[in-house]
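Working notes, beginning with the structure itself.
Chain naming here is simple, since letters A, B, ... match the order of the sequence lines and numbering starts at 1 in each. Values below: every heavy atom of this structure, side chains too, minus hydrogens, waters and symmetry copies.
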Number of protein chains: 2
Amino acid sequence: MVANDIGGCHLKAPAETKERILDVAEQIFAEKGYAATSMRTITSQAKVNLAAINYHFGSKVQLYRAVFRRRVEPMNRSRIEMLHSLERKAGDTPLALEDILQAFLEPALRASLDPKQGGTNFIKLLGRPHAEPGPDIHDFLPPMYDEVKKRYRAALAKALPDLSQEELSWRVHFVIGAMAFTLAGTDALEMIESCRYCDPTDIQGIVQYLLPFLKGGLSAPPAVLKSADRNTRIPDKSS
Amino acid sequence: MVANDIGGCHLKAPAETKERILDVAEQIFAEKGYAATSMRTITSQAKVNLAAINYHFGSKVQLYRAVFRRRVEPMNRSRIEMLHSLERKAGDTPLALEDILQAFLEPALRASLDPKQGGTNFIKLLGRPHAEPGPDIHDFLPPMYDEVKKRYRAALAKALPDLSQEELSWRVHFVIGAMAFTLAGTDALEMIESCRYCDPTDIQGIVQYLLPFLKGGLSAPPAVLKSADRNTRIPDKSS
DNA sequence: GTCTATACTCCGATAGAC
DNA sequence: GTCTATCGGAGTATAGAC
């Protein structure tokens, strides 16, 4: 359907060029990170001109976002579907914590095992932008996670009625931190924690360890605030 | 004591120059991250020549490491001291989880409140390199954390005798992830999790929420491995 | 609309004068 | 120890070929 190179025309199908850039960029970004990846490396490996990135995506950072968006959007759609189906089955009763966590983790897990969805490359990419400093790199995340965040937060609030809004927010934050840090799984793992006992490439195994930890953390008793400026203080030791 | 600029000499005390570079670099690295910070910005703000960084530190990345090392080493020494004093008091009985976590977190907390130790700038810097990709940036961490890691891991193993070596390793990893993600506290917080209910600058408050979460996660029951290649399988639903 | 060639600015690094 | 000059390589923008 597209004007192709049969008969001497050297143009390529535009979709093909864009896709090839995305594929190559995804791989190199995952391996070397954003800053250490040069546009010249991407374009030469994808066999396109240096300016092709600017033409098709606008800039390097916009290419990064496109790489991200291509994988995250289907993943988050799947997360919402899974939560929805859990809620239909449960009716009005709160969901079990592990079901919520499982529904959240499984789409990421599946993507990590399917090369068509980015495979391990994408998983490495997934957790990285959270720690990046510049607003350019991670300011585009909130709209992509907005719906997911809202729905899972609501499900967690129902499952954990004893937590204040504030404490729930923090715990969700900690959960995301543990996940992002683990999934991003750069070599940081072997570095901080000598990993004679754990295999960072066994993603399914990781989740089996991650789930009880997150469940235990989320369902821990609420914090006892000590330095609060309230005068109705919670007694410390009067059992 | 040093040859200074009184009387027309334009030389400065070397220590003073190095310190000024470190101070300025720490602030800018914390604000904008490694990649987005240029040596020209640092040197102009510190009122030194561009080549001064290369002269005193060797390269940009070595300056980054020096900034880091200056703060982390005293902090980790303090961590070891606090754990040591806990262990002396406890004798042979295992330490309480919250005491271990507290001993680990408090030195970081204190540094975050003391401008002389880097203050909030350093805390932002602390968690960041874990997610950075290039080996240049985070390969220098392991030797700095080696001793701390070994001692805290041993204390945790004693406090959590039911966990396998492998699971303990993973849980320590998750704890570090939640901490690093939280302390790094870029704006990622407001982005992933709408933070109407939590104040990311209130570091003392954060720790009060972090502690019960980590304690709950660490002391959760061991994972039930499902896909293991054992034939003595644990029954799923036979209550 | 797509792709190419080229130029511009900024970066980190370094050699050599002072 | 400090400064200037300069180099190669990075991201970016654009004029023009097809």
Side-chain angles (χ1 to χ4, degrees), chain A residues 1-22 24-25 28-29 31-67 132-137 140, chain B residues 1-22 24-25 28-29 31-67 132-137 140:
Chain A
M1 179 225 163
V2 257
N4 221 319
D5 57 351
I6 305 171
C9 178
H10 53 71
L11 294 178
K12 291 149 192 163
E16 196 185 311
T17 299
K18 273 185 88 163
E19 287 286 319
R20 207 164 58 245
I21 294 177
L22 283 171
V24 171
I28 306 184
F29 278 140
E31 275 171 16
K32 313 208 282 180
Y34 177 78
T37 300
S38 81
M39 293 170 64
R40 286 168 168 88
T41 305
I42 297 173
T43 51
S44 72
Q45 190 160 327
K47 289 175 186 163
V48 298
N49 188 271
L50 169 61
I53 289 181
N54 271 283
Y55 177 76
H56 286 287
F57 299 96
S59 70
K60 185 191 181 184
V61 59
Q62 282 177 284
L63 167 62
Y64 187 74
R65 297 180 191 184
V67 166
E132 288 274 351
D136 283 345
I137 295 198
F140 68 101
Chain B
M1 179 224 163
V2 258
N4 221 320
D5 56 352
I6 305 168
C9 178
H10 51 72
L11 295 177
K12 289 149 191 163
E16 194 185 313
T17 300
K18 273 185 88 163
E19 287 286 320
R20 209 165 54 248
I21 293 177
L22 283 171
V24 171
I28 306 184
F29 278 140
E31 276 172 15
K32 311 208 284 181
Y34 177 77
T37 299
S38 81
M39 294 170 62
R40 283 168 172 88
T41 305
I42 297 172
T43 51
S44 72
Q45 190 160 328
K47 288 175 186 161
V48 299
N49 187 269
L50 170 61
I53 289 181
N54 275 286
Y55 177 76
H56 285 288
F57 299 95
S59 69
K60 185 189 179 184
V61 60
Q62 283 177 284
L63 167 62
Y64 187 75
R65 297 181 191 183
V67 167
E132 288 273 351
D136 282 346
I137 295 198
F140 67 102

request  = Flag this pair as yes if the NZ/CZ of Lys18(B) is under 6.0 angstrom from the six-membered ring centre of Tyr55(B) and inside a 45 degree cone about the axis; otherwise no.
outcome  = no

Between CD1 of Ile21(B) and P of dC3(D) the distance, given in whole Å, is 10 Å

**Prompt:** OP1 or OP2 of dC3(C) sitting under 4.0 Å from any side-chain N/O of His56(A)?
**Reply:** yes

Hits for side-chain hydrogen bond (donor to acceptor under 3.5 Å, both in side chains) against Gln45(A), two or more places apart or cross-chain, chain-then-number order -> none

Taken to the nearest whole Å, CD1/Ile42(A) to P/dG9(D) is 18 Å

- Query: Should Thr17(B) be listed as having a side-chain N or O under 4.0 Å from OP1 or OP2 of dT2(D)?
  - Reply: yes

Using the six-membered ring of Tyr34(B), assess whether NZ or CZ of Lys60(B) lies under 6.0 Å from its centre and within 45 degrees of the ring axis. yes

Between protein and nucleotides 10-13 of chain C, what N or O pairs are separated by less than 3.5 Å?
from	atom 1	to	atom 2	distance (Å)
dG12(C)	OP1	Thr37(B)	O	3.3
dG12(C)	OP1	Met39(B)	N	3.2
dG12(C)	OP1	Lys60(B)	NZ	3.1
dG12(C)	OP2	Met39(B)	N	2.6
dG12(C)	N7	Arg40(B)	NH1	2.7
dG12(C)	N7	Arg40(B)	NH2	3.4
dG12(C)	O6	Arg40(B)	NH2	3.2
dA13(C)	OP2	Lys60(B)	N	3.0

Those residues at least two apart in sequence (or on a different chain) that pass side chain to side chain contact (heavy atoms under 4.5 Å, CB included) with Ser38(B) are Arg40(B), Thr41(B)

In whole angstroms, the gap separating P of dA17(C) from CG of Asn49(B) amounts to 17 Å

Kindly say if Tyr55(A) contacts the phosphate of dT2(C), meaning a side-chain N or O under 4.0 Å from OP1 or OP2. yes

Gln62(A) meets the side-chain hydrogen bond (donor to acceptor under 3.5 Å, both in side chains) criterion, sequence neighbours left out, with Ser59(A)

Sorted by chain and residue number, the side chain to side chain contact (heavy atoms under 4.5 Å, CB included) partners of Thr37(A) (sequence neighbours excluded) come out as Ile28(A), Phe29(A), Lys32(A), Ile42(A)

